[in-house]
Asks: 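Supplied in structure tokens, the structure appears directly below.
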Amino acid sequence: MKLPTTIAIDGPAASGKSTLAKRMAEALEYLFFDTGVMYRAITCAALSAGLSMDEEAKITALSQAAQIDVQPASADDGRDNDILLDGVDITWAIRRPEVDANVSVVSAYPGVRAALTAQQRRIGQRGRVVMVGRDIGTVVLPEADLKLYLDASVEERAQRRYDERLRRGDAISLDVVLADMRKRDEIDSTRDIAPLRPAHDAVILDSDHMTIEQVFAYALKLARGEAGSAE
Ligand code: DC
């Protein structure tokens, strides 16, 4: 039996797609590649350069010049990889609330998407990869062998993100997280270029009604061509 060599996993923020992708990549011995880190890296660079998020031309130029690298983890502090921007470690900086609040705006700029999509495609075409994002099955790797779209209600996703923040020691309210999540969903799914939506041939999984274990087991069966129906 032939395994899919490229697996695309899309879905909204905090739907559990990175967790699923990491586990699949580990099980299949594939590269796990989270494309969201690239949009976050550019947002981080724009903030560090003191740019206002409406300076589209400057942010686009920055995305064309930026060297984003993903390397094996150099520290045992919960990171999956080291994320480097022009050689500087920004692994944790890209998770700051300030980046969360601005990344949807940056990722809606067509020039930024063109620059990053080209890099993502190059990595994807090497094969043996589980690539995660919003437009992997629709735009980055429309030829992917297996496309999954992981969904969950906004309330469930906000609760997960809130729990994650609490564990990290952030003082934040659930209402604020829920409002931010709704705003990001709106921007991600209504932008003109590469909006968040399932590819026509994606398998849609609803993680509100499935544990991560069930989602993982089913996705692995799909990858191995053993899946009958989603239970
Ligand atoms: O998955 P994430 O929360 O790290 O993504 C950060 C932002 O980047 C999010 O607002 C959507 C955007 N993004 C995108 O537009 N396309 C991708 N392939 C990945 C992320």
Side-chain angles (χ1 to χ4, degrees), residues 6-22 31-47 53 56 59-60 62-63 66 68 70 79-81 83 85 90-125 129-142 144 147-152 154 156-158 160-162 164-165 168 177-199 202 207:
T6 46
I7 301 176
I9 305 185
D10 292 302
S15 56
K17 56 191 188 307
S18 296
T19 309
L20 171 64
K22 261 183 264 177
L31 173 75
F32 160 67
F33 191 82
D34 176 6
T35 57
V37 303
M38 299 182 86
Y39 292 96
R40 289 175 174 274
I42 301 306
T43 307
C44 221
L47 291 167
M53 294 303 121
E56 182 174 350
I59 295 177
T60 301
L62 213 152
S63 73
I68 303 167
V70 181
R79 64 181 65 198
D80 299 311
N81 302 100
I83 314 295
L85 176 71
I90 55 161
T91 309
W92 292 118
I94 61 171
R95 302 290 163 194
R96 280 180 298 148
E98 214 185 344
V99 174
D100 275 352
N102 292 293
V103 67
S104 282
V105 174
V106 169
S107 63
Y109 290 145
V112 172
R113 298 205 73 84
L116 300 188
T117 296
Q119 294 187 40
Q120 292 158 14
R121 213 170 263 151
R122 274 197 295 278
I123 294 167
Q125 284 167 350
V129 64
V130 184
M131 194 173 279
V132 186
R134 303 291 191 287
D135 60 341
I136 309 306
T138 51
V139 176
V140 179
L141 299 172
K147 301 177 187 177
L148 303 176
Y149 186 91
L150 191 55
D151 214 349
V154 70
E156 173 70 28
R157 292 184 287 114
R160 290 181 197 160
R161 189 50 58 88
Y162 171 71
E164 212 176 279
R165 287 273 171 77
R168 263 196 253 149
V177 178
L178 182 60
D180 281 355
M181 193 70 82
R182 287 210 161 98
K183 195 166 133 208
R184 281 182 63 188
D185 282 359
E186 166 79 13
I187 302 178
D188 291 348
S189 54
T190 58
R191 68 183 175 221
D192 290 339
I193 311 234
L196 169 68
R197 63 177 171 79
S207 77

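Read the numbers this way: they start at 1 and go in the same order the structure lists the ligands and their atoms. Heavy-atom basis, side chains included; hydrogens, waters and symmetry copies ignored.
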Asks: Measure the distance from atom 10 (O) of ligand 1 to every protein heavy atom, then report the residue, atom name and distance (to 0.1 Å) of the closest one.
Replies: S104 OG, 3.1 Å

Asks: When you measure from atom 12 (C) of ligand 1 to every protein heavy atom, which one gives the shortest distance, and what is it?
Replies: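 Nearest protein contact, heavy atoms only, for atom 12 (C) of ligand 1 is S107 OG, 3.5 Å.
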
Asks: Please determine if R160 and E156 form a salt bridge, counting it only when a charged side-chain N lies under 4.0 Å from a carboxylate O.
Replies: yes

Asks: Between D135 and R113, is there a salt bridge with N-O shorter than 4.0 Å?
Replies: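 D135 and R113: salt-bridged.
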
Asks: Can you check whether Y162 reaches R157 side chain to side chain, under 4.5 Å on heavy atoms?
Replies: no

Asks: Hey, are K17 and D10 close enough for a salt bridge, meaning a charged N less than 4.0 Å from a carboxylate O?
Replies: no

Asks: Of the protein's non-hydrogen atoms, which lies at the shortest distance from atom 1 (O) of ligand 1, and what is that distance?
Replies: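 Checking every protein heavy atom, the shortest distance to atom 1 (O) of ligand 1 gives R134 NH1, 2.8 Å.
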
Asks: In plain terms, say whether R161 and E164 are close enough for a salt bridge, that is, a side-chain N and a carboxylate O under 4.0 Å apart.
Replies: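 Yes, this pair counts.
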
Asks: Can you name the atoms of ligand 1, numbered from 1 with element, that are less than 4.0 Å from a heavy atom of T35?
Replies: 17 (C), 18 (N), 19 (C)

Asks: Examine the proximity of ligand 1 to D188 and report which part, side chain or backbone, both or neither, has a heavy atom under 4.0 Å away.
Replies: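 The part of D188 near ligand 1 is the side chain, not the backbone.
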
Asks: Flag the pair I94 / M38 as yes when at least one side-chain heavy-atom distance between them is below 4.5 Å, and no otherwise.
Replies: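 Sidechains of M38 and I94: no contact.
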
Asks: Quick one: look up the protein heavy atom nearest atom 4 (O) of ligand 1 and list residue, atom name and how far away it is.
Replies: R40 NE, 2.7 Å

Asks: Would you check whether D135 has a nitrogen or oxygen atom less than 3.5 angstrom from a nitrogen or oxygen atom of ligand 1?
Replies: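 N/O-N/O distance under 3.5 Å: yes.
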
Asks: Within a strict 4.5 Å, meaning less than it, do heavy atoms of the V132 and T35 side chains meet?
Replies: no

Asks: Show me which atoms of ligand 1 lie under 4.0 Å from any heavy atom of G36.
Replies: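 Those of ligand 1 that fall under 4.0 Å from G36 are 4 (O), 5 (O), 19 (C), 20 (C).
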
Asks: Could you identify the single nearest non-hydrogen protein atom to atom 8 (O) of ligand 1 and state the distance to 0.1 Å?
Replies: Y39 CB, 3.6 Å

Asks: Less than 3.5 Å between some nitrogen or oxygen of D34 and one of ligand 1, yes or no?
Replies: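 There is no such contact.
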
Asks: What protein heavy atom sits nearest atom 3 (O) of ligand 1, and how far away is it?
Replies: R184 NH2, 2.7 Å

Asks: Write down the atom of E98, the atom of N102, and the distance for their closest heavy-atom approach.
Replies: O-ND2, 2.7 Å

Asks: What heavy-atom pair brings K22 and D80 nearest, and what distance separates the two atoms?
Replies: NZ-OD2, 3.1 Å

Asks: Indicate, as side chain, backbone, both or neither, the part of Q120 found under 4.0 angstrom from ligand 1 when only non-hydrogen atoms are considered.
Replies: neither

Asks: May I ask whether R191 places a heavy atom under 4.0 Å from ligand 1?
Replies: yes

Asks: Tell me which one of K17, R113, M131 gets a heavy atom nearest to atom 15 (O) of ligand 1.
Replies: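 The option holding the nearest heavy atom is R113.
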
